[in-house]
Amino acid sequence: VQLQAYGGGLVQAGGSLRLSCAASGRTFSSYPMGWFRQAPGKEREFVATISWSGATSYADSVKGRFTISRDNSEKTVYLQMNNLKPEDTAVYYCAAGRGLLPQEKDEFYSWGQGTLVTVSS
């Protein structure tokens with residue numbers, strides 16, 4: 001599966017952004033999707049995941065602020081980010097995974113190219 005992430009940009013603290021990730025392939029509805037992020041000088045970290053049926057899981061740092069969703073008919077997964085903070089600044093990656101609600105990087109087998117989110121204070 002090929003993934004294309006977009007929607008990043010520059011936003012002030014407290015603002016919102018919605019990231020999108022479009023997938024190719026015929027079986028999008030059958031696998032979980034996730035979002036990760038990587039800040040400069042840091043490891044890539046888990047942000048959110050969504051199962052094929054819509055169950056979700058979030059990192060503690062984004063709970064209550066970020067919402068992951070998917071539209072299987074459009075083969076697209078979204079990440080709605082509200083109340084953004086400067087520490088949310090990172091390159092955000094979408095990924096296709098295995099299992100029900102994967103959270104570890106090695107549970108994902110295909111990655112998009114990343115989209116940069118910059119939150120100014």
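- Inter-residue side-chain proximity for T56 and T49 is flagged as unmet; no heavy-atom pair is nearer than 4.5 Å.
- Open room surrounds CD on Q2; 12 or fewer heavy atoms of other groups in view lie less than 6.0 Å from it.
- With Y78 as the aromatic partner, R18 meets the cation-pi criteria of under 6.0 angstrom to the ring centre and within 45 degrees of the ring axis.
- Distance check, rounded to the nearest 0.5 Å: SG of C21 to CG of L79 gives 10.5 Å.
- Residues G97 and P102 share a closest heavy-atom pair of CA-CG, 4.4 Å.
- With a 4.5 Å cut-off on side-chain heavy atoms, T115 and L19 count as touching.
- To the nearest 0.5 Å, atoms CG (L100) and CD1 (I50) are separated by 11.0 Å.
- Side-chain contact check for C94 versus W35: some heavy-atom pair is nearer than 4.5 Å.
- Y58 has its ring centre no less than 6.0 Å from the ring centre of F46.
- Atoms CZ and CG, from R98 and D106 in turn, are 9.0 Å apart once rounded to the nearest 0.5 Å.
- Put simply, NZ on K85 and OG on S121 are 14.0 Å apart, with the number rounded to the nearest 0.5 Å.
- To the nearest 0.5 angstrom, K42 atom NZ is 8.5 Å from E87 atom CD.
- Contact annotation: the side chain of K75 never approaches that of R70 to less than 4.5 Å [non-hydrogen atoms, C-beta and beyond].
- The backbone N or O of L101 sits nowhere less than 3.5 Å from a side-chain atom of S51 that would complete a donor-acceptor pair.
- Here the CE atom belonging to M81 is positioned 11.5 Å from the CD1 atom belonging to I68, to the nearest 0.5 angstrom.
- Residues Q103 and S57 form a side-chain contact, since some pair of their non-hydrogen atoms from C-beta on lies under 4.5 Å apart.
- With a 6.0 Å radius and a threshold of 12 heavy atoms from other residues, nucleotides or ligands, W111 has its CH2 atom above the threshold.
- Residues L3 and Q113 have side chains not in contact (no heavy-atom distance under 4.5 Å, counting atoms from C-beta outward).
- Side-chain atoms of D71 and T76 include no donor-acceptor pair closer than 3.5 Å.
- At a threshold of 4.5 Å between non-hydrogen side-chain atoms, the residues R37 and S61 count as touching.
- Note on ring orientation: taking the six-membered ring where Trp is involved, the planes of F28 and Y31 are perpendicular (angle over 60°, cut-offs 30° and 60°).
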